[in-house]
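Scope of the values below: all heavy atoms of this structure, side chains included, with no hydrogens, waters or symmetry mates. This one's a predicted model, so the numbers in the text were calculated from it and none came from an experiment.
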Amino acid sequence: MAAVSLWAVALLVLLPGLILQSGGAHLSVALAVQTVVLGHTGVALIRVLTATTVRLVALGFWVFAYIWLGLAPLAQLATDTYPWAYRTGQGTALTAVAVVELGLLAHSAGTAVAARRERTRAAGSAARSPGPVERLLSRRLAPWRLLSLCALALALAVLLVPGQPGGVGAYFTSRQALREAGVTDGSDGAFLSALRSWSLSVPAFWALLGLLHVPRAPGGDRLLRGIRRLLLPLLLALNVVVNNPVSKPRFWFGTVVLTLLFAVPRLSRPRAFRVIAATLMATVLLLFPYSDYFRYSDREQFTVVSLSAQFTTNGDYDAFQQVQTGIDLARDQGFSPRDVLGPVLFPVPRSVWPDKPGDTGITLAQYAGYDFLNLSAPLWIESYLWAGPPAVAAVFFLLGAAGRRMDDVHHRLRDRAGILATFLVPAFAFYQIVFLRGSLLGIVGPLTLLVTVPLLVTTPSARAPRLVLSAPPTAPTRPAQLPGTGGHP
């Protein structure tokens, strides 16, 4: 109870108060309704932070919702100041707040439906068959498939790193320099360069993570341990090159670090989870705005400013403004249901599909008249532009239900080592922030790799196909001990 009270004071009183007192508030209906959004996101986040179970997917969603769509819009509406130049009227601002809250309500409804279904299933004493999500997440790491992935990651590095413009040095070059060199300018060459980059980063990440946690082989693993001892330093070095914060987005680097942390059994227990989650909140609020230090070639001296100033001047917090811009775009040009095909069919090249839907962030930037086109397009406005409020409600209801289902299965299988839930749920939970921030067309490729690669190195669980809920949990399978590390308990 004390933890709930402390978080309530911090998230619902202290932080909003700091934002509102930093400047004279411009009172409006939109600002008043925004306090409802802030309360909704704050209460939901407090429930996750103080729960007795670990809910990683919920943590990722509500951290984004509270900061990017709760606090940041509060500061922007209160000061009538936004990161970018485009301005809308009060009517559009109010509609944007309503669209955001509609998505949050739909997500909460989907979560509630999934939680109720889980309680109903748990209340039964008869044997039951695991659902598709449980069957998927209970897949077990296959050692020799994993070693094949390690070999593939190293082979790709040997083939592709030297062919990258600038060689190894390109991976320690700021993204501003890469953009100025035309590597991330949206051309076909830039697309191939991004595909090459992610094709190195994602397999290298999964190879390292799997190598650290692959379970002990039933017949002994002396050969496997020897191979792992050889591969581990190579994969550590490869990840330093292809997954460092200099050339890779901050959100991806954070996903890599947090997934490595929460894949450790001791750190995914409720007490450790609450400590790490609190640290994550403080880091995102206080350090994230300054973590773009490596993005630019011309690095200026740090200037610490207030939270309100960060939310109203830093383009990292343009989510709410982009929602407003999208609402104006929909009013002028109507909805476009066919745009949903863009992310779904993202591999199809424009030479084959000339009128393939464009990146929504770029579309919004062009509509607003910006020269800089690398802007976000939150899932709220992506879905709104497809078919209006019904699309927002449907998308977030499904997202809430799926997220809760993933969290429940992750909790149920928490004592089983070497299974997909241990790795994929944390990875999706934190990369989900990029998914929510958008735009979809820009992140669906890496997201597909993030989900597909671990499926290729796992096999269906050898356990019986039917589970009895009343049976006590079996003892966890211990991962093989790495020489000199002491292994995992």
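Note: F430 and F251 fail the aromatic proximity criterion, with ring centroids not under 6.0 Å apart. For F335 and W386, the distance between ring centers is not under 6.0 angstrom. Checked against the 6.0 Å centroid threshold, H107 and W62 count as a close aromatic pair.
In the displayed structure, R116 atom CZ is contacted under 6.0 Å by at most 12 heavy atoms of other residues, nucleotides or ligands. More than 12 heavy atoms of other residues, nucleotides or ligands lie within 6.0 Å of CZ in R145, so this atom counts as buried by the packing criterion. Applying the 6.0 Å contact sphere to CZ of R269 captures more than 12 heavy atoms from other residues, nucleotides or ligands.
Put simply, the side chain of L373 does not reach to within 4.5 Å of the side chain of D359, judged on heavy atoms. L11 has its side chain out of reach of T41: every pair of non-hydrogen atoms, C-beta onward, lies at least 4.5 Å apart. In this structure the side chain of L141 never reaches within 4.5 angstrom of the side chain of L420, judged on heavy atoms.
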Next item on the list: Go through T363 and L385 one step at a time and tell me if the side chain to side chain contact (heavy atoms under 4.5 Å, CB included) criterion holds.
Entry: CA-CA 11 Å; T363 300; L385 290 172; over 6 Å; no
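Panel note: side chain D407, backbone A58; a donor-acceptor pair is recorded below 3.5 Å.
T422 contributes atom OG1, which lies 9.0 Å from atom CZ of R416 (distance to the nearest 0.5 angstrom). Rounded to the nearest 0.5 angstrom, T458 OG1 and R140 CZ are separated by 11.5 Å. To the nearest 0.5 angstrom, L238 atom CG is 11.0 Å from L231 atom CG.
With sequence neighbours excluded, the residues forming a salt bridge (Lys or Arg N to Asp or Glu O under 4.0 Å) with D408 are R404, listed by chain and number.
The heavy-atom pair separating L285 from F311 by the smallest distance is CD2-CZ, 4.5 Å. Between V344 and P347 the shortest heavy-atom distance is O-CD, 4.4 Å. Taking all atoms of both residues into account, the shortest heavy-atom contact from L235 to C150 is CD1-SG, 3.5 Å. Among all heavy-atom pairs drawn from Q310 and Y317, the shortest one is O-CD1, 3.6 Å.
Side-chain atoms of E382 and T360 form a donor-acceptor pair, as typed in the model, at a separation below 3.5 Å.
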